[in-house]
Each structure stands twice: as structure tokens, then as C-alpha cells.
**Student:** 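Here it is, the structure in full.
In this text the structure is predicted, and so the values were computed from the model without any measurement. Here is how names work: the chains are called A, B, and so on, in the same order as the sequence lines, proteins then strands, and each is numbered from 1.
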Amino acid sequence: MSSTEEKYPGNFIRNIIAEDVSNGKNEGQVVTRFPPEPNGYLHIGHAKAICLSFGMAEEFSGATNLRFDDTNPLKESAEFKEAIKKDIAWLGFQWKEEKNASDYFEQLYQFAERLIQENKAYVDSLSADELREHRGTLTKPGKDSPYRSRTPEENLDLFRRMRSGEFADGEHILRLKIDMASPNINMRDPAIYRIRHVIHHQTGDEWCIYPMYDYTHCLSDSLEGITHSLCDLSFEDHRPLYDWVLDQLAMNCRPQQIEFSRLNLQYTVMSKRKLKQLVEDNLVDGWDDPRLPTIAGLRRRGYTSHSIRDFCRRIGVTKSDNNVELALLQSCIREDLEDSAPRVMGVLNPIKVVIENYPEGQEEELTVANHPKIEELGSRKLIFTREAYIDREDFREEANRKYKRLVLGGEVRLRYGYVIKANEVTKDEQGEIVEIRCTYDPDTLGKNPEGRKVRGVIHWVSASKGLAAEIHVYDPLFTVDFPDADERDYHELMNPESLTIHQGFVERGLGEATLEQRFQFEREGYFCLDSKHSTADAPVFNRIVGLRDTWAKIEKAGS
RNA sequence: UGGGGUGUCGCCAAGUCGGUAAGGCACAAGGUUUUGAUCCUUGCAUGCGCAGGUUCGAGUCCUGCCACCCCAGCCA
């Protein structure tokens, strides 16, 4: 095991697979699959599953198929398929084959006829309500449908007529004949085909009966030669059914279904239903809203695929319920960007500083490093001028010793530039400071002043040489750590301040920024252009994540 | 009152044959620093849901409890 792998926890699935491989099971082959339903966008929970399934195959020199679980045409679309493919590719994974469950519709149908002929499936004509009544409850066994005793001949005739479109939606279903008294509800003669006279995005109007998940998934896995079928814990109860179907059909490829717990991340929702609701109710800016935990949202926010993969490996894979803190995800992106993002300066809440003893019209070119430690990141030129913007947070008319930024009568260094001293402020009618009038010490460029210590360094942008930019700062979409678990309506839980828009200024050089680039705005955080709203003459930056902020903690503790 | 799961530090999570509790995040305290960032150092479970038992020795085995999660779609 390499040193990079030691950083991550092992997991029980890898152990199982490793043992299978060493035992020569499946001739030592590992074939996995990722089976999304094309009814929405992928989110970070899916990323966990993707990293696992693709990761295991990669680790054991196997392969992973991408298979769209498109058995419910009512909810699915080809647009979602494309979005899903883009996200997986962006995460950095390559699937061996792209499949659709619908590719197997004909084979699935033939298998169903066989089950009927062998008296292992029957056409039921109960209504949905009656079906529910017959199913029993968690504690009470179900009872047989009166149609359960139909002969194979009768069933075959009915099933063929279902296929040919003779019946309306809901008139009949095909059920497996297992055991209505089973303590496992999934085994109480589950429905495997229903009638739906709808157009399917892949098969068009070829079918009006559609197979259901439990029946489709295991057979698709088997047909593709999947060795390890990894899914979330909610399918654990379905495993007996998965195995039952493959047993009855005597399939020679017998994939092993292994379940793991899905990811829960603080301050966000992970259910596709809720994400879809947020998008459709226009409560967010599309599926790729930077506040969403969707892959597209994280991408637009500026998260790197590397950081997401790192996160997925750090959280591990187990069967226990988990509540992962947002801090872990943030730590992953900070770690990735710390060494790769060039440093620049940007002011989010501008307030003007005028250096009165700096000659009007004078400009000085400063050559500054793009990274404090990594020389390969090069350098750039900044222009120092008489007027600059600093952040309102970096100035106080008065403050205690702990505050080491600009205070009236005190000194601070403008990062990479001179030490300035604040002499007076001018305010508007509302008492709001509009300008800070300063003087500078000409002998402090690149060196400390004689005989006194300047404790603070703040960032700035030249007023005349900077670039106006809109800067979007994000906070969690929800105010509670686990909105999914909250009984209140999600509208009540939404954070009204999840997006703050700043009209700020950035270094002129950022005018050439590309969508792929990420920067550290010094002392603020990591930023990138917003792929949706940024334009050449009106740049919009997204804050990916703030820097660790010890000062905020000190302040909070002091108040 | 049915079935299936899970319970190791605030969060995530390692923990082969029982041998005397990894690591990451977070947090705290120092040091370096023209980013209150980074980096470095140090600290952070006599304890593994609880109670018994077996054993020289148990997070790991046995018994009994308790808590939490999932399942009653012609969704996946």
C-alpha cells in the first residue's frame, strides 16, 4: 500500500473484494457498475458511490459500466442522462460501457415469459388499493390475490396482451409468485411489470409495459457480468429478492450485492426529491446553484474534482449512519487549493483610502509573488497608487490591542506595499465612513520601519487601476444541520443569507481569468469565476470557501 | 407486537488468529509568518451503547437488555 493510500481508512467492501480476488472468485475479475436513474442531477452522495464503484474496479484492475436505470419513463429524461455523464466524467472516471436498463427490455420480457411458464409469475388484476390491502402490514402477513391461481397459459396470454397494448394503465400487473406471508415485505409477490402508455426517452413507443427495479436491476447486473453490485443500505431488504430472481432464472453470472450507508452532509439536503423541489420552485439558481450539493453545483462553486474524490475517500465506507460535518468538505478544498491557487487581492466591502502625502498621479509598479512558498507559480505586477480600496472590516475608528488592522491614528501595511497611517475619516450624512485619509511612510517598501513595529497587514486594490467585480459569497442553504431530518417544512429552514452579493474590486489582472482558474483572494478565501453569470466586462466571482478564520473565533469568543 | 441494519473521542473512521484503542476533521496551546492563511510542535477515548459472563487477558467470544435507522410505490 502506498503512502497516499495510508491516509484513507480501509473499508469492508474492499476487504470483501480483495478476498474474492485472492480466492479466484469470478476468475479474479472485478466488474462494477454505477446505475443512476436519469431523473435528476447527481449530488455528492452519488459521488461517494461513484468513487467506490469506480475506485474498487480501478484498484483491482477491473472495469465499471455506467448503466442508466431507466425503467420509469414518467420521471426520466435524456437531458438528465447527459448531465449525469458530464458529472461522472468531470469527477475523473471513465466507464467501460454505457448501458441502459432499457437495452434489456426484450430480454427481460423473455425472462418474464419463462417465469410465467414455470408458474413463478402471474398476472394480477387487483386495483392498486386492493393490492395494498392484500399486502398486509409490517406485522401482519399478506394474503393471496384471487388471481394468484391463474394458470400459466392464462397468464401468458394476459401478459402478451399487456405488451400488445390491449389494456389500460393500471389494469393488470405482473407479479412474482413468492410468498405473501414472508416477514420481508419485498418478498410478498412483488410487482415486476406495470402498464404505462407513455413514450420512453430511449425506446419511444415500443413498449407500454415497463419492468420494475427489483426485477430489472439484478438481471441487468447479471447480463453485464457484474461481479460486485454496490448500492446503499435501503436495498438491503431487497437482496433476497435480487438473489431469488437470479436463482429462478438460473443465471450463471451471480453478482454479489453489497450495501453501504449513504452520505449525510450537514446543512444541506441530499434527497433528489427535495433538490428537484428547490430547483423547480426557483428557490435556487438551477441544478448547478453553487449552494447545492450537486456535482454541478459544487463544480460551479469552484470545488475541484480532486477535492471531492479526496473527500469521498476520507469519509470512508461503512454501514453505519453518518452525519459528516461541512468542515471536512471545506478542509478538502482548502487543502487542494492551498498549493495550487495563485494569490491575488480582492476587496469585498470597499472603503476608499486616500494617501495624502503620496504624489497625485504617481504610480509604482510592484512585482509580487503569486504564492508565498511555491515559486513556480510565478509573479505579477501590481500598481500602487494614491487611492485604494480596503475592506471595511479592516478599519476601525478605535479598537483594542487585539485588533491588528487599521485604526485611526495607527499604522498598518498594505500588503506588498507601504505602511500607512490613518489620520482622519470623512463621513456622509448617515454617519457612514466614505473615505479614510492617510499618510504613508516612503521608507517601508519591502522593509520594516525603524524603531516601531507594524503588526497588521491588509489587502487592497488600487482605486484607479483595479477592476470592479461582483463577488458572491455563499453560506449554507439551510439554517439547521440536518434539514432532511427536520419535521418542519423546508421553506422555514432556508437560510435567507445563503447568498450575499458584494460589489467589490479586484486586481486588474483578474480581467484575464478563465473559468478553470481558481484564486486565493488573500485573507479572504478561494474564488473562481461564476460560469453562469460572469461576462467579459462584468466579472462575477464565487467564493468557493473562506480561509480558516482564527480572528473570527477570537472576536466571537470576546463578545 | 414483523423483517433487515447500526451503535469505537464533538464529526468521520481503523481495529486480521481475543493481547492491552490508528488516522483524518474539529478543537486547544505554543512557534514561524508582509495572508489573524499556510507550515511546525504539543495536547485531545484507563475508554469501545448498557449489564452480566467466559478468559491470565475482550472493542474483539457468549447471554440479556437499550437506543437509533430502513421497509407496507403498479418509485429507484
Side-chain angles (χ1 to χ4, degrees), chain A residues 6-11 15 35-37 39 69-72 74-76 124 126-128 131-132 135-142 169-175 182-188 190-196 210 212-214 216-217 231-240 259 261 263 266 272-273 314-332 334-335 338-339 343 345 368 371-373 402-405 413-417 419 444 446-448 454-459 520-525 546-555:
Chain A
E6 282 164 12
K7 173 179 168 187
Y8 302 111
N11 71 66
N15 295 345
E37 182 187 14
N39 68 341
D69 230 327
D70 57 352
T71 56
N72 186 359
L74 254 21
K75 294 186 176 172
E76 299 149 3
D124 199 345
L126 250 28
S127 70
L131 189 75
R132 194 179 317 117
R135 186 155 35 229
T137 69
L138 295 178
T139 50
K140 274 183 299 205
D169 290 7
E171 238 179 290
H172 305 287
I173 54 170
L174 184 70
R175 302 176 73 179
S182 172
N184 179 348
I185 289 195
N186 298 118
M187 299 299 271
R188 317 236 262 234
I192 59 168
Y193 268 94
R194 73 293 218 185
I195 301 170
R196 289 278 180 278
Y210 292 95
M212 296 182 65
Y213 171 83
D214 284 310
T216 307
H217 203 83
C231 61
D232 78 69
L233 245 29
S234 63
F235 295 103
E236 210 158 19
D237 292 347
H238 297 241
R239 189 174 356 112
E259 312 85 7
S261 58
L263 168 68
Q266 287 188 333
K272 255 195 210 175
R273 202 193 94 247
R314 285 207 225 179
I315 57 176
V317 178
T318 66
K319 297 180 78 153
S320 32
D321 287 343
N322 57 81
N323 298 180
V324 177
E325 292 175 340
L326 210 47
L328 183 61
L329 217 210
Q330 296 176 332
S331 163
C332 291
R334 286 197 191 107
E335 184 182 302
E338 162 63 23
D339 288 343
R343 269 93 238 244
M345 293 195 285
V368 310
H371 194 286
K373 292 180 180 169
K402 281 191 169 177
Y403 186 84
K404 35 187 247 199
R405 307 179 188 182
R413 177 179 295 280
L414 291 178
R415 176 80 159 148
Y416 305 119
V419 168
T444 54
K447 59 180 169 186
N448 289 320
V454 175
R455 294 161 65 233
V457 180
I458 63 173
H459 56 95
Q520 183 193 100
F521 287 10
E522 292 200 64
R523 304 208 311 129
E524 288 288 358
L547 255 27
R548 251 184 92 237
D549 194 351
T550 308
W551 169 242
K553 276 178 214 156
I554 294 169
E555 276 227 293

**Student:** Side-chain N or O of A:Lys553 versus OP1/OP2 of B:C27: is the shortest distance under 4.0 Å?
**Tutor:**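 Result: yes.
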
**Student:** Look at the side chain of A:Ala327 and decide which nucleotide, out of B:C74, B:A26, B:C39, has an atom nearest to it.
**Tutor:**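 Per side-chain heavy atoms of A:Ala327, the pick is B:A26.
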
**Student:** Rounded off to whole Å, could you give me the CG-to-P distance for the A:Asp237 and B:A76 pair?
**Tutor:**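 After rounding, the reported distance stands at 17 Å.
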
**Student:** Heavy atoms from C-beta onward define the side chain here; which of B:G4, B:A37, B:C39 lies closest to that of A:Glu236?
**Tutor:**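 Selected nucleotide (nearest to the side chain): B:G4.
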
**Student:** Would you please confirm or rule out a distance under 4.0 Å between OP1 or OP2 of B:C70 and any side-chain N or O of A:Ser234?
**Tutor:**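 No, no such contact exists.
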
**Student:** With both distances under 3.5 angstrom, what nucleotide forms a Watson-Crick or G-U wobble pair with B:G2?
**Tutor:**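 Check on B:G2: paired to B:C71, both distances under 3.5 Å.
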
**Student:** Hey, is the side chain of A:Thr550 poking within less than 4.0 Å of OP1 or OP2 on B:A37, counting only N and O atoms?
**Tutor:**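 Looking at the OP1 and OP2 atoms of B:A37, one of them is under 4.0 Å from a side-chain N or O of A:Thr550.
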
**Student:** Between A:Arg405 and A:Arg523, does the side-chain contact (heavy atoms from CB on, under 4.5 Å) criterion hold? Intermediate values first, please.
**Tutor:** CA-CA 12 Å; A:Arg405 307 179 188 182; A:Arg523 304 208 311 129; 4.0 Å; yes

**Student:** Carefully, step by step, assess A:Ile173 and A:Met212 under the rule side-chain contact (heavy atoms from CB on, under 4.5 Å).
**Tutor:** CA-CA 11 Å; A:Ile173 54 170; A:Met212 296 182 65; over 6 Å; no

**Student:** Could you tell me whether A:Tyr403 contacts a base, only the sugar-phosphate backbone, or nothing, with contacts defined as non-hydrogen atoms closer than 4.0 Å?
**Tutor:**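 Answer is base: heavy atoms of A:Tyr403 come under 4.0 Å of a base.
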
**Student:** Taking only side-chain N and O atoms of A:Thr318, does any of them lie within less than 4.0 angstrom of OP1 or OP2 on B:C12?
**Tutor:**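 No, no such contact exists.
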
**Student:** What nucleotide among B:A37, B:C75, B:C25 has an atom nearest to a side-chain atom of A:Pro372?
**Tutor:**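 In terms of side-chain proximity for A:Pro372, the closest of B:A37, B:C75, B:C25 is B:A37.
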
**Student:** Counting just side-chain N and O atoms, does A:Arg135 come under 4.0 Å of either OP1 or OP2 of B:C74?
**Tutor:**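 Answer is yes, contact under 4.0 Å.
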
**Student:** Indicate, with a heavy-atom threshold strictly under 4.0 Å, whether A:Tyr193 touches base, sugar-phosphate, or nothing.
**Tutor:**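 No contact at all - A:Tyr193 keeps every heavy atom at 4.0 Å or more from the nucleic acid.
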
**Student:** What is the base-pairing partner of B:C25, counting Watson-Crick and G-U wobble geometry with both distances under 3.5 Å?
**Tutor:**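 Here B:C25 is engaged in a pair, and the nucleotide opposite it is B:G10.
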
**Student:** Evaluate the criterion side-chain contact (heavy atoms from CB on, under 4.5 Å) for residue pair A:Tyr193 and A:His172; output intermediate values, then yes/no.
**Tutor:** CA-CA 9 Å; A:Tyr193 268 94; A:His172 305 287; over 6 Å; no

**Student:** Looking only at side-chain N and O atoms, does A:Asp232 offer a donor or acceptor that is under 3.5 Å from a partner on A:Ser234?
**Tutor:**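 Indeed, the side chains of A:Ser234 and A:Asp232 share at least one donor-acceptor pair under 3.5 Å.
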
**Student:** Looking for any heavy atom pair under 4.0 Å, which part of the strands does A:Ser331 touch: base, sugar-phosphate only, or nothing?
**Tutor:**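 Sugar-phosphate: the residue A:Ser331, judged by heavy atoms under 4.0 Å, touches backbone atoms but no base.
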
**Student:** In whole angstrom, give the distance that lies between atom CG of A:Asp321 and atom C1' of B:G49.
**Tutor:**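 Going from A:Asp321 (CG) to B:G49 (C1'), I get 14 Å.
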
**Student:** A:Leu131 has a side chain; which of B:G36, B:C74, B:A13 sits nearest to it?
**Tutor:**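 Nucleotide nearest to A:Leu131's side chain: B:C74.
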
**Student:** If each of A:Ser127 and A:Lys402 is mapped to the nucleotide of RNA chain B with the nearest heavy atom, which maps nearer the 5' terminus, i.e. the 5' end?
**Tutor:**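 Between the two, 5'-proximity favours A:Lys402.
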
**Student:** Give the rounded distance in Å between these two atoms: CD1 of A:Ile315 and P of B:A26.
**Tutor:**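 Checked: the CD1 to P distance equals 16 Å.
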
**Student:** Report the residue (A:Lys140 or A:Asn15) whose heavy-atom-nearest nucleotide on RNA chain B is the more 5′ of the two.
**Tutor:**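 Its nearest nucleotide lies further toward 5', so the answer is A:Lys140.
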
**Student:** Taking the C1' atom of each, how far is B:C50 from B:G59, in whole Å?
**Tutor:**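 It works out to 14 Å between them.
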
**Student:** Measure from CD on A:Gln520 to C1' on B:U38 and round the result to the nearest Å.
**Tutor:**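 Rounding to the nearest Å, CD of A:Gln520 and C1' of B:U38 are 8 Å apart.
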
**Student:** Can you tell me, in whole Å, how much space there is between the C1' of B:C66 and that of B:A28?
**Tutor:**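 Their C1' atoms lie roughly 34 Å apart.
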
**Student:** Would you mind telling me which of B:C74, B:C25, B:C75 lies closest to the side-chain atoms of A:Asn72?
**Tutor:**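 The listed nucleotide nearest to A:Asn72's side chain is B:C75.
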
**Student:** Which base sits across from B:C65 as a Watson-Crick or G-U pair, both distances under 3.5 Å?
**Tutor:**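 WC or wobble partner is B:G49.
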
**Student:** Whole angstroms only, please: what is the NZ-P distance between A:Lys272 and B:A76?
**Tutor:**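 For the pair A:Lys272 NZ and B:A76 P, the rounded distance is 12 Å.
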
**Student:** Between B:A76, B:C74, B:C71, which nucleotide gets closest to the side-chain atoms of A:Leu138?
**Tutor:**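 Taking heavy atoms from C-beta onward, the closest nucleotide is B:C71.
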
**Student:** Using O4'-C1'-N9-C4 for purines and O4'-C1'-N1-C2 for pyrimidines, with syn meaning within 90° of 0, is B:G24 syn or anti?
**Tutor:**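 Glycosidic conformation of B:G24: anti.
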
**Student:** Starting at atom CG of A:Asn11, determine the distance to atom P of B:A14, rounded to an integer number of angstrom.
**Tutor:**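 Atom CG in A:Asn11 sits about 7 Å away from atom P in B:A14.
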
**Student:** For a quick test of reading the model: is some side-chain N or O of A:Arg239 closer than 4.0 Å to OP1 or OP2 of B:G4?
**Tutor:**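 No, A:Arg239 has no side-chain N/O under 4.0 Å of OP1/OP2 on B:G4.
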
**Student:** Assess whether side-chain contact (heavy atoms from CB on, under 4.5 Å) is satisfied between A:Gln520 and A:Glu338, documenting all intermediate values.
**Tutor:** CA-CA 8 Å; A:Gln520 183 193 100; A:Glu338 162 63 23; 4.3 Å; yes

**Student:** Taking atom P of B:G73 as reference, at what distance in whole Å does atom CZ of A:Arg188 sit?
**Tutor:**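 Interatomic distance, CZ of A:Arg188 to P of B:G73: 11 Å.
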
**Student:** What distance, rounded to whole Å, do you find between the two C1' atoms, one in B:C9 and one in B:A26?
**Tutor:**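 11 Å, rounded to whole Å.
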
**Student:** Among B:C39, B:A72, B:G36, which nucleotide sits nearest the side chain of A:Ile554?
**Tutor:**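 Minimum distance to the A:Ile554 side chain belongs to B:G36.
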
**Student:** Within 90° of 0 counts as syn, otherwise anti: where does B:C17 fall?
**Tutor:**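 Here the answer is syn: the torsion falls within 90° of 0.
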
**Student:** Between B:U63 and B:G2, how far apart are the C1' atoms? Round to whole Å, please.
**Tutor:**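 Result for the C1' pair: 23 Å, nearest Å.
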
**Student:** Would A:Tyr213 count as stacking on B:A76 if stacking means ring centres less than 5.5 angstrom apart and planes tilted under 30 degrees?
**Tutor:**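 A:Tyr213 ring does not meet the centre or angle cut-off for B:A76; no stack.
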
**Student:** Is there side-chain contact between A:Arg413 and A:Asn448, with heavy atoms separated by less than 4.5 Å?
**Tutor:**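 In contact.
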
**Student:** Does the side chain of A:His238 reach to within under 4.5 Å of the side chain of A:His217, using non-hydrogen atoms?
**Tutor:**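 No; the side chains remain at least 4.5 Å from each other.
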
**Student:** Please report the distance separating the P of B:C17 from the corresponding atom of B:G73, rounded so that it comes out in whole Å.
**Tutor:**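 The answer is 41 Å between these two P atoms.
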
**Student:** Among the nucleotides B:U35, B:U38, B:G10, which one has an atom lying closest to any side-chain atom of A:Glu325?
**Tutor:**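 That would be B:G10.
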
**Student:** Quick one: are A:Asn186 and A:Pro240 in side-chain contact, heavy atoms under 4.5 Å?
**Tutor:**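 Result no, sub-4.5 Å side-chain heavy-atom pair not found.
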
**Student:** The side chain of A:Ile185 is closest to which nucleotide in this list: B:C11, B:A72, B:G36?
**Tutor:**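 Comparing B:C11, B:A72, B:G36 against the side chain of A:Ile185, the answer is B:A72.
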
**Student:** Please state the C1' separation for the pair B:C65 and B:A29 - nearest whole angstrom.
**Tutor:**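 That atom pair is separated by 43 Å.
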
**Student:** Please tell me if A:Arg196 has a side-chain N or O lying less than 4.0 Å from either OP1 or OP2 of B:C75.
**Tutor:**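 Yes, because at least one side-chain N or O of A:Arg196 sits under 4.0 Å from OP1 or OP2 of B:C75.
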
**Student:** Any side-chain N or O of A:Arg455 less than 4.0 Å from the OP1 or OP2 oxygen of B:G36?
**Tutor:**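 Indeed not, no polar side-chain atom of A:Arg455 lies that close.
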
**Student:** For atom C1', what is the distance between B:A21 and B:G4, given to the nearest Å?
**Tutor:**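 B:A21 and B:G4 have their C1' atoms separated by 30 Å.
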
**Student:** If you check every side-chain atom of A:Arg194, which of B:A13, B:U35, B:C75 has the closest atom?
**Tutor:**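 Taking heavy atoms from C-beta onward, the closest nucleotide is B:C75.
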
**Student:** Are the side chains of A:Ile315 and A:Asn322 in touch, meaning some heavy atoms are under 4.5 Å apart?
**Tutor:**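 A side-chain contact is absent here, since even the closest heavy-atom pair is not under 4.5 Å.
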
**Student:** Taking the side chain as everything from C-beta on, heavy atoms only, tell me whether A:Arg194 gets closer than 4.5 Å to A:Asn72.
**Tutor:**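 Side chain of A:Arg194 against side chain of A:Asn72, heavy atoms only: contact under 4.5 Å found.
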
**Student:** Nearest whole angstrom, please: distance from the P of B:G3 to the CG of A:Asn184.
**Tutor:**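 Value for this atom pair: 11 Å.
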
**Student:** How far, in whole Å, is B:C39 from B:G5 if one measures between their P atoms?
**Tutor:**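 Taking atom P in both B:G5 and B:C39, they lie 43 Å apart.
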
**Student:** Looking only at side-chain N and O atoms, does A:Arg314 come under 4.0 Å of OP1 or OP2 in B:A13?
**Tutor:**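 Answer no for this pair, as no side-chain N or O of A:Arg314 is under 4.0 Å from OP1 or OP2.
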
**Student:** Would you say A:Arg548 reaches B:U38's phosphate, i.e. side-chain N/O to OP1/OP2 under 4.0 Å?
**Tutor:**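 Looking at the OP1 and OP2 atoms of B:U38, one of them is under 4.0 Å from a side-chain N or O of A:Arg548.
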
**Student:** Heavy atoms under 4.0 Å, any strand shown: does A:Gly10 hit a base, just sugar-phosphate, or nothing?
**Tutor:**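 Touches sugar-phosphate only.
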
